[in-house]
Trainee: 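Next up is a structure, given as structure tokens.
Both counts, for ligands and for their atoms, begin at 1 and track the order of listing. Only a predicted model underlies this, so the values are computations on that prediction, with no experimental measurement involved.
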Amino acid sequence: VKKHPALSISIREYLSDYRQEVDQFLDLVLPEVGVNPSSIHEATRYSIFAGGKRIRPILAIATSKALGGKLVDVLPFAAALEMVHTYSIIHDDLPAMDNDDVRRGKQALHKRFGEGVAILAGNALLTQAFELLSSDDYSCDPILQLELIHTMCIGIGSREGMIAGQVLDLLTEGKSYSADDLQSIHELKTGALIHVAVYGAAILLSATPDRLEKLSDFGRNVGLAFQIVDDILDVEGTTAQLGKESGRDCEEQKATYPALFGLEKSKQMALELIEAAIAELGFLGARKERLVELAQFVSVRRF
Ligand code: IPE
Ligand code: IPE
Ligand code: MG
Ligand code: MG
Ligand code: MG
């Protein structure tokens, strides 16, 4: 990665370089379109390669690198995160959930391939993520590998993970909710997987308990900020910019930060979370730079 004086240029280049690395690896591990039954493999590839920022894999890569890890050792985990994330947005768009027709600048998977295939493609991506994470050519200590898999399960699951958040998100539609309710929906539905990206990479690199805790707080704060900004962009962004239809949260009466606090306060809260996140990284010294930039990107992004 070349060095540029301007932060915005350098982080953009970093994002696009590692996006390519992640995409190459995904291409390698996802079943080819020709593999039977081909419609499901066409569908999973359609959603994975429709676009996407790859922020979760890149957070995992940046965390690993900050701790002295090598790219090849974190790529399977990074790809697994993207598979799980893509499964979650495929299902999130279904008529029974957010009922959205556009995703990553293309037709949502259920619009293009039908609901049945969209449900199964989500299930397939989730399963393939764990096939990859549990594979025996994954070059890491089996104990760490098991710990990583367990941590992923908790981050995705229905007790304290993404599924819990998605359930609460649905149950809160059209209802009144407190600031605490809202925070926990957002921490769970989106924060949990972003947290796992950072925390899982730290586990892989055998970070000390003290460092694990700091990176865990970093991941948690960035994760919550990410969803607050997602809510803000739903109000302020355009469909063309976002690659998904804007203004949908209001239509669906979703629990969001702008709805509860207004736009200005929401922006302030996101910024404060990013500052709090960055404040945890002091122990990394100069190695914290990319994580700092990624956290800043989360708060200033327009897509
Ligand atoms: C969208 O996530 C869904 C949320 C969890 C907020 P991203 O904004 O990371 O979507 P892509 O991967 O870039 O398309
Ligand atoms: C999605 O939150 C969270 C998950 C997919 C787990 P949103 O419903 O706000 O995401 P978008 O706005 O549709 O991308
Ligand atoms: Mg949703
Ligand atoms: Mg949605
Ligand atoms: Mg949203």
Trainee: Ignoring hydrogens, just give me the one of Arg104, His186, Arg54, Lys189 whose non-hydrogen atom is nearest atom 12 (O) of ligand 1.
Mentor: Arg104

Trainee: Under 4.0 Å, counting heavy atoms only: does Phe303 come that close to any atom of ligand 1?
Mentor: no

Trainee: Taking 2.8 Å as the cut-off, does Asp100 contribute an N, O or S atom near the Mg ion (ligand 4), distance below it?
Mentor: no

Trainee: Distance to 0.1 Å, residue and atom name: give those for the protein heavy atom nearest to atom 10 (O) of ligand 1.
Mentor: His85 NE2, 3.5 Å

Trainee: With distance as the sole criterion, is a donor-acceptor pair present between the side chains of Ser206 and Arg211 under 3.5 Å?
Mentor: no

Trainee: Any carboxylate oxygen within less than 4.0 angstrom of a Lys/Arg side-chain nitrogen, looking at Arg248 and Asp234?
Mentor: no

Trainee: Who's the nearest protein heavy-atom neighbour of atom 3 (C) of ligand 1, and how far?
Mentor: Ile89 CG2, 3.8 Å

Trainee: Please determine whether a side-chain nitrogen of the Lys or Arg among Arg220 and Glu280 lies less than 4.0 Å from a carboxylate oxygen of the Asp or Glu.
Mentor: no

Trainee: What do you reckon, does Lys53 have a nitrogen or oxygen under 3.5 Å from a nitrogen or oxygen of ligand 1?
Mentor: yes

Trainee: Please confirm whether the backbone N or O of Thr256 pairs with a side-chain atom of Asp231, one donor and one acceptor, at under 3.5 Å?
Mentor: no

Trainee: Among all protein non-hydrogen atoms, which one is nearest to atom 6 (C) of ligand 1, and what is the separation to 0.1 Å?
Mentor: Gln227 OE1, 3.1 Å

Trainee: Against heavy atoms of Gly52, which atoms of ligand 1 measure under 4.0 Å?
Mentor: 11 (P), 12 (O), 13 (O), 14 (O)

Trainee: Mind checking whether Arg56 has an N or O less than 3.5 Å away from an N or O of ligand 1?
Mentor: yes

Trainee: May I ask you to check if ligand 1 and Thr190 share an N or O to N or O distance below 3.5 Å?
Mentor: no

Trainee: Tell me whether the Mg ion (ligand 4) has Asp98 as a neighbour, meaning an N, O or S atom of it below 2.8 Å.
Mentor: yes

Trainee: Between Thr190 and His186, is there a donor-acceptor pair closer than 3.5 Å when you use the side chain of the first and the backbone of the second?
Mentor: no

Trainee: So with a 6.0 Å cut-off around CD of Glu213, is the heavy-atom count from everything else above 12?
Mentor: no

Trainee: Checking the side chain of Ser266 only, and the main-chain atoms of Tyr257 only, is there a donor and an acceptor separated by less than 3.5 Å?
Mentor: yes

Trainee: In Asp92, the N, O or S atom nearest to the Mg ion (ligand 3) is which?
Mentor: OD1

Trainee: Output the distance between atom CG (Asn221) and atom CD1 (Ile194), rounded to the nearest 0.5 Å.
Mentor: 12.0 Å

